[in-house]
Undergrad: 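Just passing along the structure, written as structure tokens.
Every number for a ligand or one of its atoms is a count from 1 in the order of the listing. We number each residue from 1, following the sequence as shown. All values derive from a computational prediction rather than experimental measurement.
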Amino acid sequence: MRKKIVVGNWKMNKTYNEGIEFVDEIIKESLSHSTDDVLKIIATPYIHLAAIANKLEHLNGFEVAAQNCHHNPKGAYTGEISAAMIESTGAKYVIIGHSERRLYSGENNNLLAQKVNIALANNLTPIFCIGENLIERNANMHLEAIKIQLKEALFHLPSKDFIKLILAYEPVWAIGTGVTATIHQAQGMHNYIRSEINKKYGKEISTAISILYGGSCNTKNAKELFDCIDVDGGLIGGSSLIGSEYLAIVNSIKK
Ligand code: 13P
């Protein structure tokens, strides 16, 4: 059985105290819900990582993630954070390849491949994002776009490392727009991603890897998306910023 996972990506939101309050609230609320079979990961700004990792340490099924890491191990890169630094906070996950970093920070597949390597070398699990933009979707090039991202950023990995990844399909046109992929579009793409993985790494790995959906996923549409056979959970932006909404999305995963 593939792991069900719901990642909340705060992006550049929440001051230090707001982040701590959020976690205190979900700790309290989750004690009255049983969601142990869903892995819940909160991807916070760097400032929260150590404190939240500490708070979540003894809480079953909760983890904290960084939203990025540098591709070099250390050195004169002012303002950057290394994978080893993230690991030292107690975080075990890192988002890599988010479309906002591809767009605003010019991160390409080649650089992202290096980030994946260094994250794995530091025992961090990459939550790797792939997704086509609107031009690619409208030109019916969405499958090709995803194929290239997989090939250039991830398919250099040996099987023993590829199996450690969590993938997230985030169509760029659905992120923060209120336009969600239909269940047909989401299931179709997740199935395609799995078939590409099958071609490269074989059936055992392609059926074992969790693929999350992200892009305007909320309390209203989460259930129908998560019910798709190849959708193993979500990567949630805006709707993960309020504790009760985030937990409602977690609870909409079929047990
Ligand atoms: P929204 O849920 O706000 O559309 O963001 C999705 C996302 O980018 C999560 O990483």
Undergrad: With the criterion set at N/O pairs under 3.5 Å, what does the list of contacts between the protein and ligand 1 look like, atom names and distances included?
TA:
from: ligand 1; atom 1: 2 (O); to: Gly237; atom 2: N; distance (Å): 2.9
from: ligand 1; atom 1: 3 (O); to: Gly238; atom 2: N; distance (Å): 2.9
from: ligand 1; atom 1: 4 (O); to: Gly176; atom 2: N; distance (Å): 2.6
from: ligand 1; atom 1: 4 (O); to: Ser216; atom 2: N; distance (Å): 2.8
from: ligand 1; atom 1: 5 (O); to: Lys11; atom 2: NZ; distance (Å): 3.2
from: ligand 1; atom 1: 8 (O); to: Lys11; atom 2: NZ; distance (Å): 2.8
from: ligand 1; atom 1: 8 (O); to: His98; atom 2: NE2; distance (Å): 2.8
from: ligand 1; atom 1: 8 (O); to: Glu170; atom 2: OE1; distance (Å): 3.4
from: ligand 1; atom 1: 8 (O); to: Glu170; atom 2: OE2; distance (Å): 3.4
from: ligand 1; atom 1: 10 (O); to: Asn9; atom 2: ND2; distance (Å): 3.0
from: ligand 1; atom 1: 10 (O); to: His98; atom 2: NE2; distance (Å): 2.9
from: ligand 1; atom 1: 10 (O); to: Glu170; atom 2: OE1; distance (Å): 3.3
from: ligand 1; atom 1: 10 (O); to: Glu170; atom 2: OE2; distance (Å): 3.0

Undergrad: If you round to the nearest 0.5 Å, how far is SG of Cys69 from CD1 of Ile81?
TA: 10.5 Å
Undergrad: Under the salt bridge (charged side-chain N to carboxylate O under 4.0 Å, His left out) rule, collect the residues that match up with Glu136, sequence neighbours excluded.
TA: none
Undergrad: What pairs meet the salt bridge (charged side-chain N to carboxylate O under 4.0 Å, His left out) rule with one or both residues in residues 204-224, with sequence neighbours excluded?
TA: Lys223-Asp227
Undergrad: Go through it in stages, so that I can follow the logic: the residues are Tyr213 and Phe226, the test is ring-ring contact (aromatic ring centres under 6.0 Å, His included), and I'd like the CA-CA distance, side-chain angles, deciding distance and then a yes or no.
TA: CA-CA 8 Å; Tyr213 169 81; Phe226 297 169; 8.4 Å; no
Undergrad: With sequence neighbours excluded, give me every side-chain hydrogen bond (donor to acceptor under 3.5 Å, both in side chains) pair touching residues 81-94.
TA: Glu63-Lys92
Undergrad: With side-chain hydrogen bond (donor to acceptor under 3.5 Å, both in side chains) as the test, pick out the partner of Glu196 among Lys199, Lys200, Arg194.
TA: Lys199
